[in-house]
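Below you'll find the structure, written out as structure tokens, and then a few comments.
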There are 2 protein chains.
Amino acid sequence: MNIGEAARTSGVSAKMIRYYERIGLIADAARTEAGYRTYDRNDVETLRFIRRARDLGFSVEEMTALLALWRDKGRESAEVKRIALDHVADIERRIRELQGMARTLSHLAGHCHGDHRPDCPIIDDLAEGVADEAAPPRSGFRRR
Amino acid sequence: MNIGEAARTSGVSAKMIRYYERIGLIADAARTEAGYRTYDRNDVETLRFIRRARDLGFSVEEMTALLALWRDKGRESAEVKRIALDHVADIERRIRELQGMARTLSHLAGHCHGDHRPDCPIIDDLAEGVADEAAPPRSGFRRR
DNA sequence: CTTGACCTTCCCATGATGGGAAGCTCTATC
DNA sequence: GATAGAGCTTCCCATCATGGGAAGGTCAAG
């Protein structure tokens with residue numbers, strides 16, 4: 001099948017399939033005489049694996065490791081578990097950061113009239129920076 | 001003061017100060033004859049405002065609105081509150097996405113021996129995609 | 001043989017941030 | 001006054017995963 005059908009049946013866009021090939025996450029696809037990429041059921045299975053890992057928030061780097069382990073029938077499950085748990089710890093750290101932000105903002109908003117009057121503790125806090133209630137905004141925080 | 005001191009006292013890197021000026025979040029700084037940017041206490045206050053908003057996860061777009069409201073002494077607090085609560089809702093949506101991922105992965109890891117044996121439900125799930133326990137991986141999800 | 005869907009590569013953009021090069025300016029010390 | 005070193009300037013590049021779109025080749029149905 002061509003890349004379009006592989007994309008539809010795997011849930012990975014054609015753009016991303018080409019990208020994954022270019023960065024070496026997946027092997028170069030076979031080509032027709034005209035240069036079209038072709039995929040078989042096996043390739044689509046790999047793409048599905050990638051899509052599920054991606055949906056669980058794994059980075060390309062982590063997916064590279066997971067794919068290698070998937071293919072390695074003699075793998076040690078400890079290795080897979082370690083990657084998964086490291087990822088969980090990473091996710092939980094991000095959750096805590098976000099919770100700190102939400103808590104601070106909710107608190108401030110709770111004290112804001114939210115009417116036509118100009119007084120607003122949210123703005124006041126941003127301007128003065130009194131409350132240091134949010135999770136410590138250390139390095140490494142990225143939004144979206 | 002020059003950009004270096006403004007960066008140190010505001011907590012916003014010189015790189016980012018130039019970036020914020022270039023994209024129009026802050027006004028063009030005054031310049032010395034030699035072309036050096038100069039900042040006064042007022043400018044540093046603005047930069048501090050930006051840093052705090054950034055630490056709370058506001059995007060540049062949201063910061064633009066918040067800065068305008070900060071300067072507008074006749075603002076309606078309802079407007080500020082709306083931006084803050086919209087942002088909280090956005091944060092909470094991201095938290096739920098992350099929690100779904102962490103839950104699924106923790107569940108899978110809990111059933112993985114994590115030893116020298118190759119059997120691993122984490123890999124099996126990625127390969128087969130049986131459990132659809134994670135938050136629906138709709139469009140718009142971005143990692144980090 | 002034309003039409004339209006599909007494929008190819010290539011370049012650009014995102015958002016917020018940092019790295020680094022090449023070159024100019026300022027200040028302190030000799 | 002010269003020199004060293006810190007600090008400033010602009011410009012370009014990279015990140016990460018993803019999409020948009022242009023220019024042009026290919027294929028299948030009518």
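No experiment lies behind these values; they were computed from the predicted model shown. Residue numbers begin at 1 in each chain, while the letters A, B, ... track the order of the sequences.
Applying the side chain to side chain contact (heavy atoms under 4.5 Å, CB included) test to B:H116 and every residue at least two apart in sequence or in another chain returns A:E76. The salt bridge (charged side-chain N to carboxylate O under 4.0 Å, His left out) test applied to A:R82 returns A:E79, A:D86, not counting sequence neighbours. For B:R8, the side chain to side chain contact (heavy atoms under 4.5 Å, CB included) partners at least two apart in sequence or on another chain are B:E5. The ring-ring contact (aromatic ring centres under 6.0 Å, His included) check on B:H111 picks up B:H107, with sequence neighbours excluded. Residues satisfying the side-chain hydrogen bond (donor to acceptor under 3.5 Å, both in side chains) criterion with B:Q99, sequence neighbours excluded, are absent altogether.
Per the geometry, CE belonging to A:M16 stands 14 Å off C1' belonging to D:dG20, to the nearest Å. One interatomic measurement links the two molecules: CZ of B:F58 to P of C:dT17, which rounds to 15 Å at whole-angstrom precision. Rounded to whole angstrom, the span from the CZ atom of B:R54 across to the P atom of C:dA16 amounts to 11 Å. As rounded to whole Å, 16 Å separates atom C1' of C:dA16 from atom CZ of B:R51. Look at NZ on B:K15: it is 16 Å from C1' on C:dG15, rounded to the nearest Å. For A:N2 and C:dC7, the CG to P distance is 5 Å, given to the nearest whole Å. A:E5 places its CD atom 18 Å from the P atom of C:dA5, with the value rounded to the nearest Å. Rounded to whole angstrom, the span from the CD1 atom of A:I3 across to the C1' atom of D:dC27 amounts to 16 Å.
Residue pairs that meet the ring-ring contact (aromatic ring centres under 6.0 Å, His included) test with at least one member in residues 64-85 of chain B, sequence neighbours left out, are B:F49-B:W70. Among residue pairs with one or both ends in residues 106-115 of chain A, those qualifying as salt bridge (Lys or Arg N to Asp or Glu O under 4.0 Å) are A:D115-A:R117; sequence neighbours excluded.
Between B:H87 and B:R94, the shortest heavy-atom distance links the atoms CE1-NH2, 4.3 Å. Taking all atoms of both residues into account, the shortest heavy-atom contact from A:S10 to A:R51 is O-NE, 2.7 Å.
Listed for the A:D43 side chain is a donor-acceptor partner under 3.5 Å among the backbone atoms of A:D40.
At least one side-chain heavy atom of B:M1 sits under 4.5 Å from a side-chain heavy atom of B:T9. Under the 4.5 Å side-chain criterion, counting only non-hydrogen atoms from C-beta, B:L56 is in contact with A:L126.
At C:dC7, none of the side-chain N or O atoms of A:R31 fall inside 4.0 Å of OP1 or OP2 (strictly under the cut-off).
Note on B:S13: only backbone sugar-phosphate atoms sit closer than 4.0 angstrom, heavy atoms only; bases stay farther off.
If you check C:dT8, C:dG19, D:dA17 against the side chain of A:V60, the one that comes closest is D:dA17.
Of the residues in residues 37-47 of chain A, those lying under 4.0 Å from DNA chain C by heavy-atom distance are A:R37. Across residues 18-29 of chain B, B:Y19, B:Y20 each have a non-hydrogen atom less than 4.0 Å from an atom of DNA chain C (numbered order).
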Please produce a list of atom pairs where a protein N or O lies less than 3.5 Å from an N or O of nucleotides 23-26 of chain D.
{"unit_1": "D:dG25", "atom_1": "N2", "unit_2": "A:Y36", "atom_2": "OH", "d": "2.7"}
{"unit_1": "D:dT26", "atom_1": "O4'", "unit_2": "A:Y36", "atom_2": "OH", "d": "3.2"}
{"unit_1": "D:dT26", "atom_1": "O2", "unit_2": "A:Y36", "atom_2": "OH", "d": "3.4"}

Kindly list each side-chain donor-acceptor pair under 3.5 angstrom involving residues 29-39 of chain B, sequence neighbours excluded, with atom names and distances?
{"unit_1": "B:R31", "atom_1": "NH1", "unit_2": "B:G35", "atom_2": "O", "d": "2.8"}
{"unit_1": "B:T32", "atom_1": "OG1", "unit_2": "B:A34", "atom_2": "N", "d": "3.3"}
{"unit_1": "B:T32", "atom_1": "OG1", "unit_2": "B:G35", "atom_2": "N", "d": "3.4"}
{"unit_1": "B:T32", "atom_1": "OG1", "unit_2": "B:Y36", "atom_2": "N", "d": "3.1"}
{"unit_1": "B:R37", "atom_1": "NE", "unit_2": "B:E21", "atom_2": "OE1", "d": "3.1"}
{"unit_1": "B:T38", "atom_1": "OG1", "unit_2": "B:A30", "atom_2": "O", "d": "3.4"}

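A salt bridge between A:D90 and A:R93 is present, with a side-chain N of the basic residue lying under 4.0 Å from a carboxylate O of the acidic one.
An end-to-end axis angle of 30° holds for the helix from C:dC1-D:dG30 to C:dC30-D:dG1, taken from five base pairs per end and rounded to 10°.
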